[in-house]
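Residues take their numbers from the sequence shown, with the count starting at 1. In listed order, ligands and their atoms are each counted from 1.
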Amino acid sequence: MVNPVGSSKVEQNNIKSIIGSSYNRLYSQFTSDELTEVGNYKILKQIGEGSFGKVYLALHRPTHRKVCLKTSDKNDPNIVREVFYHRQFDFPYITKLYEVIVTESKVWMALEYCPGKELYDHLLSLHRISLLECGELFAQISGAVYYAHSMHCVHRDLKLENILLDKNGNAKLTDFGFTRECMTKTTLETVCGTTVYMAPELIGRKTYDGFKIDTWSLGVILYTLITGSLPFDDDDEVKTKWKIVNEEPKYDPKLIPDDAKDLISRLLAKNPGERPSLPQVLRHPFLQPYGSVVLDQTEKILCRQRSGGIQFKSKLERRLLKRLKQSGIDTQAVKQSILKRKCDSLSGLWLLLLAQEKKQENCKCPKRSRSVLSVKKVIENATHNDINKTSDDILKPALELSRATSLSKMLNKGSDIVTSMTPISRKKSKDSAKVLHPTFSKIPSQRAYSHSIVNSPRKSNNFLQKVSSFFKSKKNPNNSSNSNSSIYTGVGEDSVASSKGVPESGPFLVKKTSSFQKSRTDVGEDSSKTNSKESLKKKVAGTIALSGGANVALKNSKTSGNSMEGVKETPELFSNEHVRIEEPRLKRFKSSISSEISRTSTGNYDSESVENSRSISFDGKVSPPPIRTRPLSEISQISNDTYISEYSTDGNNSSFKISDTAKPSYIRKGSETTSQYSASSEKMTNGYGRKFVRRDLSIISTASSASERSSRTDSFYDITTATPAITTDNRSNRNSNFKESVLPRFGTQRPWTGKRTYTTSRHGKNARRSSKRGIFKISSSNTDSIIQEVSSSEEEDHNILYNKRAGLPKPVLQTKGLTENGLDEHDEEGDDEAGDDEYAVHTDGEFSIKPQFSDDVIDKQHGLANVKAVATKRSLSEGSNWSSSYLDSDGNRQRVSSMLEDGRDSAAYAPDRNMSGKELKRLL
Ligand SMILES: Nc1ncnc2c1ncn2[C@@H]1O[C@H](COP(=O)(O)OP(=O)(O)OP(=O)(O)O)[C@@H](O)[C@H]1O
């Protein structure tokens with residue numbers, strides 16, 4: 001037979017096998033359950049797991065930058081809220097959201113990767129963090145919260161688990177699943193968060209000021225950072241809540257210096273009105289010098305962002321734009337994508353390219369940190385010239401030098417822009433701090449990267465290793481051969497604990513416990529180590545005394561009338577012989593949300609347990625209930641797998657029954673028996689295969705149901721209230737629709753439908769449909785609370801009424817910003833309609849982004865005539881259109897932007913027919 005290609009049989013066989021294997025490879029790729037790529041991202045490995053999905057380390061293929069891919073079921077009502085708020089934040093201490101990809105069943109968020117993992121893990125591994133590091137980290141966290149608050153957003157779930165550490169050891173606030181805007185509604189009702197971090201007013205189920213509950217959580221965080229244990233904690237959740245409401249935390253003077261105590265006690269004031277504002281917090285002497293620097297920088301960033309037009313102005317950005325243009329990329333589309341916060345692939349590409357460029361620029365011309373050089377010099381001198389000197393002698397002058405240099409540098413850096421907030425010099429000065437006072441070191445490099453995929457040695461590590469060896473040899477000359485086994489020399493027992501090296505991977509709670517137990521044994525057994533420990537304590541005492549002195553000096557020089565008082569001389573911490581390592585009392589806690597609130601039963605709760613049912617008054621002096629063992633083994637299961645109200649986190653009977661307000665009508669019946677609402681078996685799975693620990697009584701199911709509704713409601717509001725509005729649902733009067741509103745979280749109904757195809761005509765259709773449904777405008781005279789969170793029995797279909805005297809709020813991405821950046825907003829309107837629907841997350845930035853009211857605009861609102869507009873939409877993408885559109889008096893749908901652009905008479909929009917479109921535009 002003639003060979004068609006003229007090759008031998010052997011060659012033919014070879015070709016066949018190549019084709020075969022290639023085919024098989026492709027086939028297995030297609031049939032594999034394992035996902036390897038999502039959009040432009042190549043999944044490298046799983047690095048975590050959240051309540052609603054997994055978290056992966058991934059590679060952005062076009063730029064080769066590592067990102068964190070967080071996936072979530074579309075059924076998670078909080079995901080909409082999370083994306084909606086998170087994309088607005090551009091702040092160095094908040095994880096960046098690069099891109100959002102929506103697939104049929106999932107939402108993928110490409111986030112800034114933080115190899116340092118959670119602050120929770122960091123604290124757990126160190127047991128206690130040095131005061132210096134506490135101050136710095138806490139200033140960063142407070143700065144992030146201050147930034148979010150300034151954007152009129154409250155986080156509502158601040159906790160150590162939601163603060164990540166980047167590769168430089170800087171704090172990054174994340175997880176905005178419970179965030180909501182707090183501009184249109186100053187008092188909130190939805191109970192959410194994590195019990196041990198909850199403010200008393202939340203526990204008491206009172207209406208609350210969202211900003212103040214965040215401030216309380218900050219107090220819990222600071223206390224925990226400093227002491228290594230939570231201020232209010234008990235195995236029994238009921239008792240924990242009792243403590244939160246009635247008790248003051250224990251302030252151990254050996255661990256908490258006076259200025260820290262002063263700050264914590266202010267943050268943890270039971271009366272929300274007594275809690276300090278965040279600028280006051282940042283100016284507090286305990287946080288100096290970091291607090292003032294972070295405050296300055298935050299205010300500058302806010303100022304720049306509010307003024308608009310900050311994008312694409314820097315040399316770096318312009319250069320990058322030019323290069324993209326040369327490569328044939330539509331830079332206008334990129335600009336538009338960024339300015340409108342579309343979080344699409346172009347945003348992802350731009351932000352990651354920019355990050356890469358910045359990194360390269362930093363590499364090209366690294367800033368030299370004088371403090372590092374000085375420190376090096378000090379150490380070298382000490383090593384060569386004065387080998388007999390004690391470490392204390394070296395530390396003190398070096399510390400003074402470092403303090404002075406780093407302080408002046410930080411203060412001078414106040415004018416720097418965002419990108420300069422975590423520069424190399426900053427990292428270096430941190431390293432220098434490590435060098436100067438190892439007992440106060442920032443995250444030891446090995447520890448900081450211990451969870452990182454990339455374990456490549458870094459230069460700074462080498463330097464630190466040398467320094468560590470130096471101190472080790474100083475501390476114990478006989479033990480120098482082992483000096484490389486640990487970089488970190490912690491305080492007292494910490495030093496011993498950490499000398500065991502970087503914790504291995506595995507279940508951390510077990511790991512940590514055993515590690516600490518081992519440490520204790522070592523302390524007892526090895527007298528030479530005990531001696532070295534004592535010498536370290538002395539060193540630390542010296543450094544802390546200096547640190548305290550610096551704080552006092554700072555207070556004198558920097559604090560203004562706004563700053564708080566109460567700073568006394570810092571005690572010599574850790575110098576006490578009796579300071580012993582304690583078992584970490586940290587546990588991982590689960591966030592929860594519930595709208596159950598009873599105004600009639602405020603402060604009085606009944607445990608739902610039949611056998612243990614009791615009533616506890618949080619107001620009075622009723623003694624706390626007896627301690628009940630928390631079923632720890634079940635906690636983790638619950639934490640990972642269930643979605644419950646916060647009042648049932650122990651999976652047992654610590655859930656609170658809120659009087660009679662929990663309506664059994666929300667209990668799922670019949671076909672829902674496979675959901676968490678079922679009460680028929682101990683453990684069960686829902687439609688997604690998750691296991692649940694059954695709650696005892698229907699009341700918990702009710703709470704879950706309420707929680708779920710609340711979540712939906714809350715998300716709904718969060719999105720729709722991008723523009724201030726009065727929300728009403730005239731359909732709530734219709735019984736049939738009312739039932740629809742109670743949707744099971746795991747049901748088939750979703751906050752939005754994955755398969756929905758976006759078409760330009762959709763808007764029109766929806767508008768028509770809305771009008772057919774008879775959505776009416778109502779007016780409200782309540783100017784204080786512009787938006788009212790509908791009660792649990794209301795809501796669901798989304799009829800919104802804009803009743804805002806000042807009209808729509810001014811969004812972050814103002815027209816000014818768009819035009820200043822070379823985008824003709826109006827021209828691109830057409831693009832939006834036609835093209836944006838392809839994007840995973842479709843939002844019209846100009847009106848869907850977080851509104852930014854300036855104070856005067858808010859004030860003006862009260863004096864303005866009513867503006868009535870109605871719009872309906874319900875999905876993530878639609879929410880934006882919703883906020884940017886309205887129904888005119890004839891029931892026709894109108895776009896606000898086009899009206900404003902046209903300068904048309906806004907009679908249809910503003911019922912005050914005397915107000916012209918131009919006037920309205922000026923007000924916006
Ligand atoms: N940007 C990130 N960089 C590195 N790791 C991350 C990042 N985001 C999340 N992770 C890891 O993934 C884990 C789960 O993430 P996260 O807590 O945000 O999920 P979640 O669904 O919000 O969880 P939960 O609701 O239980 O708090 C975290 O513990 C963290 O270790």
* **Considering all heavy atoms, the nearest G348-E99 contact** => CA-OE1, 3.7 Å
* Mind running side chain to side chain contact (heavy atoms under 4.5 Å, CB included) on L165 and E118 for me, showing each step along the way? => CA-CA 6 Å; L165 296 170; E118 295 172 4; over 6 Å; no
* Of the side chain and backbone of C68, name the one, both, or neither that has a heavy atom under 4.0 Å from an atom of ligand 1. => side chain
All N/O donor-acceptor pairs, side-chain side in residues 350-357, below 3.5 Å, sequence neighbours left out:
| residue | atom | partner | partner atom | Å |
| --- | --- | --- | --- | --- |
| Q356 | NE2 | T63 | O | 2.7 |
| E357 | OE1 | R323 | NH1 | 3.2 |
| E357 | OE2 | R323 | NH1 | 3.2 |
| E357 | OE2 | R323 | NH2 | 3.1 |

* Out of E118, K70, K117, K54, whose heavy atom is nearest to atom 28 (C) of ligand 1? -> E118
* Asked: Any idea how F91 and Y147 line up, ring-wise: parallel (<30°), tilted (30 to 60°), or perpendicular (>60°)?
  -> parallel
* Asked: Taking the six-membered ring for Trp, are F232 and W216 parallel (under 30°), tilted (30 to 60°) or perpendicular (over 60°)?
  -> parallel
* Asked: Below 4.0 Å from any atom of ligand 1, is there a heavy atom belonging to E161?
  -> no
* I47 to ligand 1, any heavy atom closer than 4.0 Å -> yes
* Structure fact -> All heavy atoms of Q46 vs all of E49, minimum pair found to be NE2-OE1, 3.6 Å
* Asked: Which atoms from ligand 1 have a heavy atom of Y113 less than 4.0 Å away?
  -> 3 (N), 4 (C)
* If you measure from each non-hydrogen atom of L164 to ligand 1, which part falls under 4.0 Å: side chain, backbone, both or neither? -> side chain
* Subset of ligand 1 atoms that lie under 4.0 Å from at least one heavy atom of E112 -> 1 (N), 2 (C), 3 (N)
* Should D175 be counted as touching ligand 1, given the test is an N or O pair under 3.5 Å? -> yes
* Under 3.5 Å, N or O to N or O, is V55 touching ligand 1 that way? -> no
* In terms of atom number and element, which parts of ligand 1 are under 4.0 angstrom from non-hydrogen atoms of G50? -> 14 (C), 19 (O), 20 (P), 21 (O), 23 (O)
* For T71, which residues count as a side chain to side chain contact (heavy atoms under 4.5 Å, CB included) partner, sequence neighbours excluded? -> K54, Y56, K106, W108
